[in-house]
Amino acid sequence: MSDARFDKDAGIWTIAMRSAWYVFGIADDGAAIRHVHWGPAIGDSAAAGLAAYGDGANGLRQPSPGEHKRLWGMDAPDEYVPWGGLRYEEPSLKAEFADGTRNTECRYAGQRITREGDAVTVEVDLADARYGLTISLCYRAHDGFDVLERWVRVRNDGVAPVTLAQALSANWPLPRQDQDWQVRYLHGGWSAETQLTEAALPLGKFTLESRRGLTSLNYNPWFAAHAGASEDAGQVWSGALAWSGSWKLVFETTAAGPHAGKRTHVTGGWNDFDWSLRLAPGEETTTPVFAGLYSDAGFGGASREWHAWQRAHVLPRTEPRPVLYNSWEATSFAVTEAGQTRLAELAARIGAELFVVDDGWFKGRHNDQAGLGDWTVDPAKFPDGLQSLIARVRLLGMKFGLWVEPEMVNADSDLYRAHPDWVYHFRDRTRSERRNQLVLNLARDDVADWLYQTLHGLLGTYDIDFIKWDFNRPISEPGWPDAVGDNPERVWTQHVRNLYAIIDRLRDAHPAVEFEGCSSGGGRVDLGILSRVEQVWTSDNTDAWDRLAIQEGFSQAYPALAMMAWVTDSPNPLTSRELPLSFRFHSAMAGSLGVGGDLASWSEAELDEAAALVAAYKQVRRTVQLGTQYRLTPARGKLTAWQYLLGDEVVVLGWWAPRHYGEIPPPVRLTGLDPAQRYQTTDGTIYHGAALMNGGLRLVDEPAGADGHNGLYGFGSRMIRLSAVR
Ligand code: GLA
């Protein structure tokens, strides 16, 4: 059980999670809240010693309360950094007061510890009494996890407006050490999302950010800092932001002089670039959650903790996902009722459970130049509306889903002709188009209302089970001419708040409807959207080999349950790579399985093989989607192997590329099994747990009778399911 306590005499808070501890306290007689410890459980007296002396040297001697106040402030970093006074590092918050004062002077002003269900929350108030500004530092830990959620609430109880020029969610001081910090992060671009990379943190600043108004394809708001951890072992400090708009993470290392050494802190939240937020008297704002996680079990342990915590406390549902079919790669914009019906029949034949009509179903949408904004069914394509297709899909035993891109508009649309002022723009400036579209100013309440009503109407008219919600371009020219003088710079955050509010309202009004988040592939993947959608579209790149690397990156932070992966045609339409059908399936089976190929062009034999593979996936999907995931080897080496474990069930997936010199990759050692237990494959072979973990499991067969499918000389893959013999 997570526990949070406040030692009044020492002025120290301790948040004791499953195995990690987080400690901070009051310093300088209340003029500062300082960080003490984030890492393993260290015990109260060690924590008190660290708080008092900044190192363990005197940790056995309990300092008196007076000593605390005198000593510990010298060395300990600020827990949160409201700009003002002698603070020169990246601030956490910058407030500008109506009289021209631009710094804050905060003092500790009270605290609350509350328990609700399985979560304990600590709130610590810092107040700038002169202006009535209160900054509440909030912390929440759920029982059984080492994830600490942090956020901040800023309240203006003064008599004049306060403008926030920066308001980050949290500041995470990293432990001091002599070695350089390494940071792992995810970069990418369209069709190459979530590429795992690593950099040594320099003295100075290292910033990851999005200024695009969306999470972005380029960087994901997640990191894992370490100083020599591996996949299987070592200390990792990781963080992830729950925000789907512009964000930033700043890693700052300062050489603090010969006595103090160097210090690193990570701070993040809303991107302050071009942003400000005015708080009227009586108003408050709450930043998004910036979650932090300490693990001593390496990158794999950190990922597994993120996955388990997101399944338990972020994702809206934790049931295994249906096998999905999506028509986008099959038809592009050439959507017709007959074509979709044919695809639905074939999708049902191979075992799909949810049939999704992608882009191209609505009025005037024959290509990407027109139609966005006009969310009515195109009568030329569906003369009787969507009813008959939906009825057919249901008769085939599947659920029905529909693609929308609600925050966008094409200039060639009835909506834009009626409301040219509804898009972000500056007066007398170009309205830059991307994919021929403009972004609706969702910060406007009238636009947000219209959008809610439009989607609510669509869900009310048709029997829709699933919405794929896309967002295919970043925001540009973020102007709002009608709001000039009334803080139009708030659009960066207000857009996302209204987006969240619309999805929340739709979910309330249509509780059975499920959602997929999408943004030109994986451009909007973060803890914020994941608390509102069942799954996300990982990448428009459906090349099953490229996907291994994309999925490896995705899995650092996010769970297989939410990772939608389709099997598409070969050669792949994007990369032209040819891969066996089984390889394409096995790659997609590492997450939530979908099929997105042109089934009408698949042979009978391929459809039969697909049906068998879908059936096999249904046998293992609970283990894959809800189980513990181990990346046994790095992606795209000689052999990429992942393992999933849930109770008595084990699933191993392996993939390999054409090999040199006929070399056979060695068996892969499994992990997390009961060494004394025996495990049986679906073909009856029995292995000892200890043997699987020490000798390993052979995924690639000896070179006898190789065929293309087993990929002896080409690309090959394997899925092995084992069950404990009870
Ligand atoms: C984006 C999505 C695709 C597809 C198209 C439709 O690129 O990522 O999956 O929905 O839009 O236009």
Side-chain angles (χ1 to χ4, degrees), residues 188-194 212 214-218 220 244 324-336 339-340 343 347 352 354-375 378 381 400-410 412-413 433-439 455 464 466-474 514-526 529 533-544 546-547 550-551 554 562-569 572-575 588 591-598:
W190 179 73
S191 87
E193 292 86 338
T194 52
R212 295 164 187 259
L214 76 163
T215 322
S216 107
L217 297 159
N218 307 89
N220 190 272
S244 312
L324 168 157
Y325 177 81
N326 178 298
S327 62
W328 172 245
E329 286 199 19
T331 66
S332 183
F333 297 100
V335 172
T336 63
Q340 295 292 312
L343 287 170
L354 165 63
F355 181 80
V356 183
V357 177
D358 208 280
D359 199 351
W361 60 269
F362 48 98
K363 195 165 159 263
R365 188 69 167 172
H366 304 293
N367 48 46
D368 64 13
Q369 286 160 27
L372 289 175
D374 298 341
W375 301 107
D378 192 331
K381 295 180 178 178
F400 180 79
L402 201 60
W403 177 95
V404 287
E405 195 181 353
E407 299 147 87
M408 300 291 169
V409 66
N410 286 116
D412 185 0
S413 67
E433 295 187 9
R434 193 37 122 51
R435 210 192 190 205
N436 311 300
Q437 60 198 59
L438 297 158
V439 188
L455 295 172
I464 294 169
F466 178 90
I467 286 287
K468 175 179 173 185
W469 186 305
D470 210 337
F471 187 85
N472 277 319
R473 60 152 291 175
E514 302 189 328
F515 290 79
E516 175 174 286
C518 176
S519 175
S520 313
R524 197 147 72 182
V525 178
D526 58 79
I529 204 72
V533 299
E534 275 73 10
Q535 61 193 47
V536 286
W537 179 224
T538 315
S539 176
D540 280 348
N541 185 341
T542 57
D543 175 322
D546 282 354
R547 267 298 179 105
I550 294 171
Q551 295 178 172
F554 186 99
M563 185 180 78
M564 182 33 58
W566 303 344
V567 177
T568 58
D569 297 341
N572 184 273
L574 183 79
T575 65
S592 177
L593 177 68
V595 177
D598 181 10

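The basis for the numbers below is simple: all heavy atoms, side chains too, and nothing from hydrogens, waters or symmetry mates. Whatever order the structure lists ligands and atoms in, that order sets their numbers, starting from 1. Residue numbers start at 1 and run along the sequence shown.
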> Can R365 and D378 be counted as an ion pair, charged N to O under 4.0 angstrom?
Replying inline: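 Salt bridge: no.
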
> Pick one: which of E405, E407, Q369 meets side-chain hydrogen bond (donor to acceptor under 3.5 Å, both in side chains) with Q437?
Replying inline: E405

> Knowing that exactly one of N572, T575, D569 qualifies, which makes a side-chain hydrogen bond (donor to acceptor under 3.5 Å, both in side chains) with T542?
Replying inline: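 With T542 as partner, side-chain hydrogen bond (donor to acceptor under 3.5 Å, both in side chains) holds for just one option, N572.
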
> What pairs with E534 under side-chain contact (heavy atoms from CB on, under 4.5 Å), at least two apart in sequence or on another chain?
Replying inline: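 Partners of E534 by the side-chain contact (heavy atoms from CB on, under 4.5 Å) criterion, ordered by chain and then number, come out as P316, R317, R321, R507, E514, F515.
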
> Roughly how far apart are T538 OG1 and Q535 CD, rounded to 0.5 Å?
Replying inline: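 With rounding to 0.5 Å, OG1 (T538) is 9.0 Å from CD (Q535).
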
> Who's touching ligand 1 if we go heavy atoms under 4.0 Å?
Replying inline: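 Close residues (ligand 1, cut-off 4.0 Å): W328, D358, D359, W403, R435, K468, D470, N472, C518, S520, G521, W537, D540.
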
> Is the gap between the ring centers of W361 and F333 under 6.0 Å?
Replying inline: no

